[in-house]
Q: 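Okay, here's the structure, questions in a sec.
What you see is a predicted model, and the numbers here were worked out from it, not measured in a lab.
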Amino acid sequence: MMAYPKINDTFATRHPGLFDDLKQSMGLQGHTVPDFWAGDDQVAAARAGMDLAGLGPGAVQIPAGALTGGAIPAARLDDAARRILVTMFANGLFDHPVPAPAANVSTQAHKDLAHEAAVASTVLLANRSAALPLTSAVKSLAVIGPAGSDTFTGVSGSTYVDPGTWTTPLDAIRARAGDSVKVTHAQGTKGDLPLAVVPSTVLRTAAGAAGLTASYYASADGTGTPVTTRTDATVDFTTVPVEGLPSVWSAKWTGTLTPTTTGLHRFSLLPSGTTRLKIDGETVVSGTRQMARFFLGPYDYPLQGTAELTAGRAVTVEITYNNAAAETGTCGLTFGWQPESLVPAAVTAARAADAAVVFVNRVAGEGMDHEGYALPGDQDQLIEAVAAANPRTIVVLNTDGPVETPWLDDVEAVVQTWYGGRGAGTALAAVLFGDSDPAGRLPVTFPTDATQGPGTTPATYPGTSGTVAYDEGIAVGYRFYDAENQDPRFPFGHGLSYTTFAHGSLEATYDATTEQVTVEVTVANTGQRPGTEVLQVYATLPAAAAAEPRRLVAFQKVTLPAAGAKRLSLAIPVQDLTVWKPGAMTLVPGLYTFATARSSRDVTAQRTVTLG
């Protein structure tokens, strides 16, 4: 599937060089397609090497004349048809047509599979003082946060799957705890959801009217004479709010807000476009969303922030907005708030329990980027407050990827569950109570802060003047941290177990006939309970290869009983040790170092082999 952007000033969908690399140099035997809406010039795309020229609304729209008039060479059409048909035959679509979907995909076997998949992906990031698994010493447990029906089970967008009838984390924990543990629940936070619209009763214009003064501009930057200026009772629209605006426009709302309570206030902006909220001149919320919600999936994409306010003391409010970055032809903005903090009640619940499990989340979806690593809204403040009230605090991160962890030293355990789908609840309960070993390992790196990792400059993200510089070169992901000697919060491949493991001496041999390196090592469970280890093998290439410092080339998951051991053999094709040289992937002759490891930063043994 070809991407949307231009590569060196040529759209990827019409880039002959990319198609040649993919099909000739890399040997793709199947066919190529565009991303959903990336077929703007299907004739040019087909000429360049696109096989199925259209996907999504309208699908293929190549004019008949282009097929018969020579706009697309006959040899190119034959190649495209052959690739598509070969792929279909190879996957049995003709000989073994896909049967109609089963009426019931919620059998016990399906439920078991969902549970096992969620357990296998759960990563134990930290576990001080053996806080997990929970033992019989815990007689009362406070579950805090969006752990009920408001739990996110998947990414919003094309991959979202409705979990149907499922067991929430809160219900699963209660069921597993039984009568021996008193389980209480305090909401603590609404999580990453858009908040209720700020009412006109707390808003005032400079003239004293209920609401905010709104100025609408026929430009993206709020300059020039406003098309109109008026009083808006609230900021909440999903269509163009006034007549006379062009396709791209902007607006500004100003006035005051008088809170009715004292303490932490949450604010959210739900935009299709770019927006910013300032309170007393300080930016509280800002960012861009291509759309407020992707058309597939149930979750909105709000922007969140907090401010400490005092009841009765008016603060100035300024909201700016433009729809330049919104999906073509769309606009929208909702200004929401939560004036009553849920944190104090959660602290009370945590203080009364033997242990506290704080469940936090962050929405993720198609057509959106995160503005930073911080947990949205008041969730960091919630964790800090609960940890101060209960030293045995366990944090469950139901997020799509790395987040900041400013409270890491104040909590005893951190569990990364991603989005567990239908098995999210039962898998989490099984891991918390030790029925299952957390079997996942990080497929990404958690940076210490936003200055680490690739893409941390404006030129590399989000780009300047529509151009993105891919300055990291081959140092992608964990390789960048290695190349720059950056010490991440949690490295790629990291994950703890409830038991301990030892890796034996490493043997590495090269077979020129099969063109592969075989790595052998014995993995032993040195603990008192069964557990799962993920053995990782990294390669360091010769200096002449000018490659990344370390490359993951193999891994294998193994579950062992207490005191059990197993000899593992991992095959590494020589192709996986090559680097790109002009014209082809090349194996550089020289000394190769193979290392077994628990993560990209936790090496257990090494062995060198001469290749080439």
Side-chain angles (χ1 to χ4, degrees), residues 192-200 202-206 209-257 265-295 299-307 315-338 363 365 367-372 376-377 462-463 466:
D192 197 8
L193 297 174
L195 305 173
V197 176
V198 178
S200 62
V202 299
L203 302 174
R204 287 293 181 270
T205 67
L212 298 174
T213 299
S215 299
Y216 294 88
Y217 300 87
S219 63
D221 57 1
T223 59
T225 302
V227 173
T228 187
T229 297
R230 69 183 191 185
T231 298
D232 286 349
T234 61
V235 181
D236 184 21
F237 62 90
T238 55
T239 58
V240 179
V242 299
E243 295 182 359
L245 293 174
S247 58
V248 175
W249 55 275
S250 59
K252 179 187 290 186
W253 293 265
T254 58
T256 62
L257 182 152
H265 286 58
R266 278 190 62 174
F267 293 92
S268 70
L269 295 174
L270 181 62
S272 292
T274 300
T275 185
R276 180 185 303 273
L277 165 67
K278 289 184 177 181
I279 294 179
D280 275 351
E282 297 291 329
T283 297
V284 174
V285 184
S286 66
T288 299
R289 292 286 186 258
Q290 184 181 3
M291 58 196 83
R293 174 189 289 192
F294 195 73
F295 63 94
Y299 304 131
D300 292 322
Y301 302 162
L303 301 165
Q304 309 273 8
T306 62
V315 294
T316 63
V317 172
E318 178 187 282
I319 303 171
T320 56
Y321 167 83
N322 74 72
N323 73 329
E327 183 68 29
T328 302
T330 67
C331 65
L333 180 63
T334 298
F335 174 35
W337 76 333
Q338 179 199 330
V363 71
M368 68 167 286
D369 288 324
H370 298 302
E371 303 301 319

Q: Do Cys331 and Val240 have side-chain heavy atoms sitting under 4.5 Å apart?
A: yes

Q: Does Ala292 offer a backbone N or O that forms a donor-acceptor pair with the side chain of Ser272 under 3.5 Å?
A: yes

Q: Going by the side-chain contact (heavy atoms from CB on, under 4.5 Å) test, name the single residue among Asn323, Asn322, Leu333, Thr320 that passes it with Thr274.
A: Asn322

Q: Can you tell me how far the CD1 atom of Ile319 sits from the CD1 atom of Ile279, to the nearest 0.5 Å?
A: 8.5 Å

Q: Heavy atoms, side chains only, cut-off 4.5 Å: are Val242 and Arg230 in contact?
A: yes

Q: Measure the OG1-CD distance between Thr213 and Glu318 for me, rounded to the nearest 0.5 Å.
A: 12.0 Å

Q: Kindly compute the distance separating CG (Asp232) from CG (Leu212), expressed to the nearest 0.5 Å.
A: 8.0 Å

Q: Where is the tightest heavy-atom contact between Tyr299 and Arg293, given as atom of each residue plus distance?
A: O-CG, 3.3 Å

Q: Output the distance between atom OH (Tyr216) and atom CD (Glu243), rounded to the nearest 0.5 Å.
A: 13.0 Å

Q: Is a side-chain donor or acceptor of Ser200 paired with a backbone partner of Ala233 at a separation under 3.5 angstrom?
A: no

Q: Are the side chains of Val235 and Val198 in touch, meaning some heavy atoms are under 4.5 Å apart?
A: no

Q: Any side-chain heavy atom of Arg289 within less than 4.5 Å of one from Glu371?
A: yes

Q: On a heavy-atom basis, which atom in Ala251 and which in Tyr217 lie closest, and how many Å separate them?
A: CA-CD1, 4.4 Å

Q: Do the non-hydrogen side-chain atoms of Asp300 and Leu193 ever get within less than 4.5 Å of each other?
A: no

Q: State whether the side chain of Ser250 and the backbone N or O of Ser219 hold a donor-acceptor pair below 3.5 Å, judged by distance alone.
A: yes

Q: Show the nearest heavy-atom pair for residues Val248 and Ala220, with the distance to one decimal.
A: CG1-CB, 3.8 Å

Q: Locate the shortest heavy-atom distance separating Val285 from Phe267; write the atom from each residue and the value.
A: CG2-O, 3.9 Å

Q: Which heavy atom in Gly365 sits nearest to a heavy atom in Met368, and how many Å separate them?
A: O-CG, 3.0 Å

Q: Do the side chains of Arg266 and Leu195 get nearer than 4.5 Å, heavy atoms only?
A: yes

Q: From His370 NE2 over to Asp192 CG, what is the distance, rounded to the nearest 0.5 angstrom?
A: 8.5 Å

Q: Calculate, to the nearest 0.5 Å, the distance between atoms CG and CG belonging to Leu203 and Leu257 respectively.
A: 5.5 Å

Q: Go through the structure and list residues passing ring-ring contact (aromatic ring centres under 6.0 Å, His included) with Tyr321, not counting sequence neighbours.
A: Phe237, Trp249

Q: Picking from Leu269, Leu303, Leu270, what satisfies side-chain contact (heavy atoms from CB on, under 4.5 Å) with Pro194?
A: Leu270

